[in-house]
Colleague: 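Before we start, here is the structure in question, set down as structure tokens.
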Amino acid sequence: MRTSQFPLSTLKETPADAEIISHQLMLRAGLVRKLAAGLYTWLPLGLRVLRKIEAIVREEMDQAGGLEVLMPAVQPAELWQESGRWEQYGPELLRVRDRHDREFCIGPTHEEIITDLLRQEMRSYKQLPALYYQVQTKFRDEIRPRFGVMRAREFIMKDAYSFHIDHASLEQTYALMHQTYCRIFDRIGLKYRPVQADSGSIGGEGSHEFHVLADSGEDAIAFSSDSDYAANTEKAEAMAVGGPRPDASAELASVDTPDTHSIDEVSTLLSVKPEQCLKTLLVKGNDSEVVALILRGDHELNEIKAQNLEAVADPLEMADADAIRTAANCDAGSIGPVGLNTPIIVDRSAAVLANFVCGANENGKHLTGVNWGRDLPDPDNNAIVDIRNVVEGDPSPDGNGTLSIARGIEVGHIFQLGQKYSSAMGATVLNDQGKDTVMTMGCYGIGISRIVAAAIEQNNDDNGILWPASIAPFKVSLIPINLHKSQRLRETVDKLYAELQSAGMEPLLDDRDGRPGGKFADAELIGIPHRLVISDRGLDAGTIEYRARTDTDNQDIAFDTVLEFLQGKLSD
RNA sequence: CGGGGUGUAGCGCAGCCUGGUAGCGCAAUUGCUUUGGGAGCAAUGGGUCGGGGGUUCGAAUCCCUCCACCCCGACCA
């Protein structure tokens, strides 16, 4: 491609509404332009990157036995009513009516459609297992789209669905997809981790997320120092720390703590560590007005774990000021479990504390030297559960090593759906006994457009993008110096360009009438991995100048060996 | 949806408080010079000041209202 015929819509200044580096660079490099909140147009340069990612995903999905289909983006309400999600989904589902006043939605995902298709196509267990996928535009009316294509409302996703006669078969395909995803992200060249995940609203049993590691990631993931254990912190199991519980040794006492409400304030005032305090949170209950959740002072509540508890209302909701007064006879900040007349749920680490500090259920007072079993009843065994977020240094739940926490961008998610959709929608086949059997399903997503942003987030420097070779829009930039002055240079450049082109090196020849500085800057901003600079000076010496995007120095290559040299670089 | 903020040329911003002919930088166009790290000089084009309403002799500026966008929280590939 020649820049004189290709729109390099680069910007020198950073658009004001771009927050994270990938969003800024995608706008500056001219990969995308915003149409409205969460809606982006892919410009020619950006589309080349997107297509490369798609190609890798397709190759690997095909390799794994996947069959590509293309389902409609617009979906009839009936199918969603059948699965029950027409009701479950909130405003995130964009609903529309056609001219006949029939209801449809713009698909945020395609479980209903594929299940409907395969319940018609599949008759026998002999046709199973089956793996279908598509690369499609999805629409989710996100509460808050942000970070450019990272969290857009309309985005491109590869979604795959598998169908099985039994759970064992699902597990095989699930394992195969796990491997396939690793191959895909390896090939793209990203630093990533597969982690155990909460399966969220899609539902089902087993679930892994694939996270690209980046400080700007919206998720926190925990992984072990000594084993393969890795999990989203939403899901990562928090073990008891500080146990076993020491014997009671301190006297119970009530102390005045006027105007102290937070754990920090209390621990500072009383000169004790936050981990020696108990934090008591009141949330709405299912069977009772409120439920008390008790954590060690330095720990944080994990809302997902809490709302998954039977006694706790889902979604989780904190008790309001009135409910707190009614239940504890004081205001938030002075609540404690001693004498509290509500159901109590205690985090594992809070249950092994002794001689602790907690609220006295009286404004301006705290209790010190409190002990389970002596000053208040020991919590029931089944009321001691994991309701906190893991923190750096926690023991790994598999017993090997300790946990570290990193930020990640979720680019892939695989689920064992089970029979949630197939049973709701009556997707059955005959088994080897001739009996109708509900198919078991898995689903597997990759955020194609999000990967573009994630790759940039992980690969950039002060001058711009550093594309991994596998997804760079062009592999080599060819920059002539003083092209207009030299007939010899023009001829040589045209010849070299043609050679690079036919060698499949995807060259971008900067034949614009500009100064070299601007061309260098553009080539770096858009992240082309290899650069050749060709000049009369070099031709006189029989050399051409090479520099990788990640190099700090130029090197002169004998002109005759350029092709060979580049071939070596490109196969690295 | 709750809380905070911003809308002025393609992009980045000033002007608004204290009303009086709409500005700066970059980008664009033309010409000349220049050509190894985002060139110089000269000229040119480009604005319903987010929309509507009001106050006023006069509104980008003050008031009301609607809209869009951004940031912080709940959602997810």
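Everything numeric here is computed off the predicted structure, so don't read it as measured data. Atom set for the values below is all heavy atoms of this structure, side chains included, hydrogens, waters and symmetry mates excluded. Each chain gets a letter, A, B and so on, in the order the sequences are listed, and its residues count up from 1.
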Colleague: Could a donor-acceptor pair under 3.5 angstrom be found where the side chain of A/Arg146 meets the base of B/G73?
Modeller: no
Colleague: Please name the residue in the list A/Glu237, A/Glu209, A/Glu234, A/Lys235 that meets the side-chain contact (heavy atoms from CB on, under 4.5 Å) test with A/Gln196.
Modeller: A/Lys235
Colleague: What does A/Asn463 touch in the nucleic acid at a heavy-atom separation under 4.0 angstrom: a base, only the sugar-phosphate, or nothing?
Modeller: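 Nothing: the residue A/Asn463, judged by heavy atoms under 4.0 Å, touches no strand.
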Colleague: Could you tell me whether the phosphate oxygens of B/C76, OP1 or OP2, come under 4.0 Å of any side-chain nitrogen or oxygen in A/Arg140?
Modeller: no
Colleague: Heavy atoms under 4.0 Å, any strand shown: does A/Thr14 hit a base, just sugar-phosphate, or nothing?
Modeller: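 Sugar-phosphate, backbone atoms only, no base.
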Colleague: Using atom C1' in both nucleotides, what's the gap between B/A59 and B/U18 to the nearest angstrom?
Modeller: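 The same atom, C1', in both gives a distance of 14 Å.
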Colleague: A/Arg450 or A/Leu11: which one's nearest nucleotide on RNA chain B is closer to the 5' end?
Modeller: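 Of the two residues, A/Leu11 wins.
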Colleague: Looking at every strand, decide which applies to A/Ala453 at a 4.0 Å heavy-atom threshold: base, sugar-phosphate, or nothing.
Modeller: nothing
Colleague: With C1' as the reference atom in both, quote the distance from B/C72 to B/A28 in angstrom, rounded to an integer.
Modeller: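 Between the two C1' atoms, the distance is 38 Å.
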Colleague: Between B/U55 and B/U61, how far is it from one P atom to the other, in whole Å?
Modeller: 15 Å
Colleague: Does the side chain of A/Tyr192 pick up a donor-acceptor pair with the side chain of A/Asp186 at under 3.5 Å?
Modeller: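 Short answer, yes.
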Colleague: If you only use heavy atoms from C-beta on, which nucleotide in B/G36, B/U35, B/C69 is closest to the side chain of A/Ala36?
Modeller: B/C69
Colleague: Can you tell me whether the side chain of A/Arg151 and the base of B/C76 have a donor-acceptor pair closer than 3.5 Å?
Modeller: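 Such a pair is found, so the answer is yes.
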Colleague: Within the structure shown, what part of the strands sits under 4.0 Å from A/Arg547 by heavy-atom distance: base, sugar-phosphate, or nothing?
Modeller: base
Colleague: Only pairs with both distances under 3.5 Å count, Watson-Crick or wobble alike; so what is the partner of B/A60 in this structure?
Modeller: none
Colleague: When you get a sec, tell me which of B/C11, B/C71, B/C76 is the closest nucleotide to the side chain of A/Glu13?
Modeller: B/C11
Colleague: Tell me the partner of B/G47, counting only Watson-Crick (N1-N3 plus N6-O4 or O6-N4) or G-U wobble (N1-O2 and O6-N3) with both under 3.5 Å; none if nothing fits.
Modeller: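 The answer is none; no pair meets the criterion.
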Colleague: Within this structure, what is the CD-to-C1' distance between A/Glu19 and B/U6, rounded to whole angstrom?
Modeller: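 After rounding, the gap between these two atoms is 14 Å.
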Colleague: Could you check which of B/C11, B/A77, B/G36 has an atom nearest any side-chain atom of A/Pro15?
Modeller: B/C11
Colleague: Between B/U44 and B/U65, how far apart are the P atoms? Round to whole Å, please.
Modeller: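 Per the computed distance, 45 Å lies between those P atoms.
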Colleague: Rounded to the Å, how far apart are A/Phe139 CZ and B/C75 P?
Modeller: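 Atom-to-atom, A/Phe139 to B/C75, this comes out as 19 Å.
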Colleague: Tell me whether A/Arg95 forms a cation-pi arrangement with A/Trp80, defined as NZ or CZ under 6.0 Å from the six-membered ring centre and within 45 degrees of its axis.
Modeller: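 No - A/Arg95 does not lie over the ring of A/Trp80 by the 6.0 Å and 45° rule.
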Colleague: Taking the C1' atom of each, how far is B/C69 from B/C76, in whole Å?
Modeller: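 One C1' to the other, the span is 22 Å.
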Colleague: May I ask you to say what A/Ala37 touches in the nucleic acid, namely base, sugar-phosphate or nothing, with a heavy-atom cut-off under 4.0 Å?
Modeller: sugar-phosphate
Colleague: Please report the distance, rounded to the nearest Å, between CG in A/Asp536 and P in B/U35.
Modeller: 13 Å
Colleague: If you assign A/Pro516 and A/Gly445 each to the RNA chain B nucleotide with the nearest heavy atom, which residue ends up on the more 5' nucleotide?
Modeller: A/Pro516
Colleague: Work out how far the C1' atom of B/G15 is from that of B/G19, and round it to whole angstrom.
Modeller: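 Per the computed distance, 13 Å lies between those C1' atoms.
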Colleague: Would you indicate what A/Asp159 reaches in the nucleic acid, counting non-hydrogen atoms under 4.0 angstrom: base, sugar-phosphate, or nothing?
Modeller: nothing
Colleague: Which nucleotide in the list B/A74, B/C76, B/G36 gets nearest to the side chain of A/Phe520?
Modeller: B/G36
Colleague: Could you give the CG-to-C1' distance, from A/Asp513 to B/U30, as a whole number of Å?
Modeller: 14 Å
Colleague: Check whether any side-chain nitrogen or oxygen of A/Arg144 sits under 4.0 Å from OP1 or OP2 of B/A74, and answer yes or no.
Modeller: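 It does not, given that no N or O in the side chain of A/Arg144 lies less than 4.0 Å from OP1 or OP2 of B/A74.
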Colleague: Is it true that the side chains of A/Tyr133 and A/Arg58 contain a donor and an acceptor less than 3.5 Å apart?
Modeller: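 Per modelled atom types, A/Tyr133 and A/Arg58 side chains form no pair under 3.5 Å.
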Colleague: How about A/Thr3 and A/Asp510: does a side-chain donor come under 3.5 Å of a side-chain acceptor?
Modeller: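 Indeed, the side chains of A/Thr3 and A/Asp510 share at least one donor-acceptor pair under 3.5 Å.
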Colleague: In whole angstroms, how far is the C1' atom of B/C75 from the CD atom of A/Gln88?
Modeller: 15 Å
Colleague: Taking the six-membered ring of A/Tyr546 (Phe, Tyr or Trp), confirm whether the NZ or CZ of A/Arg531 is under 6.0 Å from its centre and within 45° of its axis.
Modeller: no
Colleague: Across the strands shown, which category fits A/Gly412 at heavy-atom distances under 4.0 angstrom: base, sugar-phosphate, nothing?
Modeller: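 Sugar-phosphate: the residue A/Gly412, judged by heavy atoms under 4.0 Å, touches backbone atoms but no base.
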Colleague: Scan every strand shown for a Watson-Crick or G-U wobble partner of B/A14, both distances under 3.5 Å, and answer none if you come up empty.
Modeller: none
Colleague: Could you check A/His208 against A/Phe415 for ring pair (Phe, Tyr, Trp, His ring centres under 6.0 Å), going step by step and ending with a plain yes or no?
Modeller: CA-CA 7 Å; A/His208 284 82; A/Phe415 302 86; over 10 Å; no
Colleague: Have A/Thr14 and A/Gln24 got a donor and an acceptor in their side chains that come within less than 3.5 Å?
Modeller: no
Colleague: Using the P atom in both, what is the distance from B/A77 to B/G2, to the nearest Å?
Modeller: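 Looking at atom P only, B/A77 and B/G2 are 27 Å apart.
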Colleague: Look at all strands and tell whether A/Glu303 reaches a base, only sugar-phosphate, or nothing, counting heavy atoms closer than 4.0 Å.
Modeller: nothing
Colleague: Tell me which nucleotide among B/G36, B/A74, B/C75 gets nearest to the side chain of A/Glu92.
Modeller: B/C75
Colleague: Between B/G38, B/C13, B/G36, which nucleotide gets closest to the side-chain atoms of A/Arg537?
Modeller: B/G36
Colleague: Can you tell me the base-pairing partner of B/A77? Count Watson-Crick or G-U wobble geometry only, both distances below 3.5 Å, and say none if there is no partner.
Modeller: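 Partner of B/A77: none.
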Colleague: Does OP1 or OP2 of B/C70 have a side-chain N or O of A/Lys34 closer than 4.0 Å?
Modeller: yes
Colleague: Indicate, with a heavy-atom threshold strictly under 4.0 Å, whether A/Arg531 touches base, sugar-phosphate, or nothing.
Modeller: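 Base: the residue A/Arg531, judged by heavy atoms under 4.0 Å, touches a nucleobase.
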Colleague: I need the CD1-C1' distance between A/Ile53 and B/A77, as an integer number of Å.
Modeller: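 Taking atom C1' of B/A77 as the reference, CD1 of A/Ile53 is at 13 Å.
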Colleague: Checking A/Arg33 against A/Tyr40: charged group under 6.0 Å from the ring centre and within 45 degrees of the axis?
Modeller: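 No, A/Arg33 and A/Tyr40 do not form such a contact.
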Colleague: Take atom P in B/C13 and the same atom in B/G50, then report the distance between them in whole Å.
Modeller: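 Going atom to atom, P in each nucleotide, I get 15 Å.
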Colleague: Below the 4.0 Å mark, does B/A27 have OP1 or OP2 next to a side-chain nitrogen or oxygen of A/Lys12?
Modeller: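 So the side-chain polar atoms of A/Lys12 do come within 4.0 Å of the phosphate oxygens OP1 or OP2 of B/A27, strictly under.
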Colleague: With both distances kept under 3.5 Å, what pairs with B/A39, Watson-Crick or G-U wobble?
Modeller: B/U33
Colleague: On the side chain of A/Asn482, is there an atom forming a donor-acceptor pair with the base of B/G36 - under 3.5 Å, no angle test?
Modeller: no
Colleague: Identify which nucleotide among B/G38, B/C75, B/C70 has an atom closest to any side-chain atom of A/Ala521, counting heavy atoms from C-beta outward.
Modeller: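 Per side-chain heavy atoms of A/Ala521, the pick is B/G38.
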Colleague: Please give, in whole Å, the distance from B/C70 P to A/Glu142 CD?
Modeller: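 From A/Glu142 CD to B/C70 P: 13 Å.
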Colleague: Between C1' on B/G38 and CD1 on A/Ile481, what's the gap in Å once rounded to a whole number?
Modeller: 14 Å
